[in-house]
Structure formats: structure tokens, C-alpha cells
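All remarks here apply to the structure that follows.
Throughout, residue positions are numbered sequentially from 1 according to the sequence presented.
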Amino acid sequence: MYSVINTLGLEDVFIKEFALYPNPVNDYLTVSFQAGGQSVISIFNATGQLIRQFNTTNGNSTINVSNLQKGIYILRVETGNKVMTSRFTK
């Protein structure tokens with residue numbers, strides 16, 4: 001017989017390594033993550049079309065999203081050997 005004492009889900013890992021706020025967003029979206037050198041931040045619309053992409057070496061970025069239409073978007077951060085994604089609403 002086995003008993004589970006504690007589990008660590010993916011959500012727990014991302015909370016410590018990746019944050020995106022405010023959500024929903026109006027004009028500026030803040031992305032905070034543990035940077036491992038050069039990182040690529042990409043924003044996709046709900047159909048998977050790439051909307052914006054840029055490089056950064058900073059683990060804290062503020063992105064102007066005021067020109068995006070209202071809707072649901074996916075933000076992807078690629079840094080080192082990690083890929084982190086999160087959904088946000090405009």
C-alpha cells in the first residue's frame with residue numbers, strides 16, 4: 001500500500017519561475033522570470049498566429065500591449081533550455 005504525502009504540480013514550479021501580470025491587462029503587461037542569458041518572448045493570438053516577438057536579456061520585461069485587440073493571447077518565454085507559456089486576456 002502506498003500513500004501520497006505531498007505532490008508538486010507544474011503550477012507550483014511555474015509560480016516560482018514565471019509570473020505575468022496584471023491579467024487581464026489594459027496597456028502594459030509585466031513578465032517576470034528567471035533569465036538564463038538571452039531569452040525570446042513571443043505573443044500569439046488565439047488562433048496561434050505570432051503577433052510580436054523580441055529578444056531580452058532581462059528577466060523582468062514590461063510589454064506595451066495597448067495596440068492589441070481585446071481577446072485571449074498566449075505569451076511564450078524561451079530561455080536557456082526552458083519554455084514557459086501562459087495565457088492572458090486583453
Side-chain angles (χ1 to χ4, degrees):
M1 172 169 239
Y2 297 98
S3 61
V4 177
I5 297 172
N6 194 4
T7 61
L8 178 64
L10 290 176
E11 297 84 13
D12 297 326
V13 174
F14 288 132
I15 288 171
K16 295 176 185 168
E17 294 185 5
F18 182 62
L20 181 136
Y21 56 91
N23 193 6
V25 62
N26 288 320
D27 295 325
Y28 293 95
L29 181 67
T30 300
V31 182
S32 178
F33 57 94
Q34 293 179 355
Q38 186 72 23
S39 302
V40 178
I41 298 176
S42 306
I43 297 175
F44 299 89
N45 65 15
T47 63
Q49 179 183 15
L50 179 64
I51 303 298
R52 288 184 65 191
Q53 186 173 59
F54 54 95
N55 296 324
T56 183
T57 56
N58 185 357
N60 295 307
S61 296
T62 300
I63 304 167
N64 184 346
V65 294
S66 61
N67 62 340
L68 295 180
Q69 296 180 0
K70 290 187 183 270
I72 297 172
Y73 294 88
I74 304 294
L75 184 130
R76 180 175 71 192
V77 177
E78 299 174 58
T79 181
N81 60 353
K82 296 179 186 176
V83 176
M84 299 164 278
T85 60
S86 185
R87 184 172 54 184
F88 71 92
T89 304
K90 167 78 166 99

### Task
Consider only side-chain heavy atoms of I, L, V, M, F, W and Y, link residues closer than 4.5 Å, and tell whether Ile74 and Phe33 are in one cluster.
no
### Message
Looking at every non-hydrogen atom in both residues, tell me the closest pair between Lys90 and Gln69 and how far apart they are.
### Response
CG-O, 3.5 Å
Name the atoms and distances for all side-chain donor-acceptor pairs under 3.5 Å in residues 40-47, with sequence neighbours left out.
| residue | atom | partner | partner atom | Å |
| --- | --- | --- | --- | --- |
| Ser42 | OG | Gln53 | NE2 | 2.9 |
| Asn45 | OD1 | Thr47 | N | 3.0 |
| Asn45 | OD1 | Thr47 | OG1 | 2.8 |
| Asn45 | OD1 | Gly48 | N | 3.1 |
| Asn45 | OD1 | Gln49 | N | 2.9 |
| Asn45 | ND2 | Gln49 | OE1 | 3.1 |

### Reported OG1-to-CD distance for the pair Thr56 and Gln38, which is rounded to 0.5 angstrom
7.5 Å
Would you list the atom pairs, donor with acceptor, under 3.5 Å between side chains in residues 21-32 and any protein atom, with sequence neighbours excluded?
| residue | atom | partner | partner atom | Å |
| --- | --- | --- | --- | --- |
| Asn23 | OD1 | Thr89 | N | 2.9 |
| Asn23 | ND2 | Arg87 | O | 3.1 |
| Ser32 | OG | Asn60 | OD1 | 2.7 |

### Task
Sequence neighbours left out, what pairs pass ring-ring contact (aromatic ring centres under 6.0 Å, His included) with at least one residue falling in residues 45-77?
Tyr73-Phe88
### Query
What residue pairs, at least two apart or across chains, pass salt bridge (charged side-chain N to carboxylate O under 4.0 Å, His left out) with a residue in residues 62-77?
Arg76-Glu78
### Message
Could you check whether any side-chain heavy atom of Phe18 comes within less than 4.5 Å of a side-chain heavy atom of Leu75, counting everything from C-beta outward?
### Response
yes
### Query
Taking only residues two or more places apart in sequence, or in another chain, which ones meet Arg52 in a side chain to side chain donor-acceptor pair (under 3.5 Å)?
none
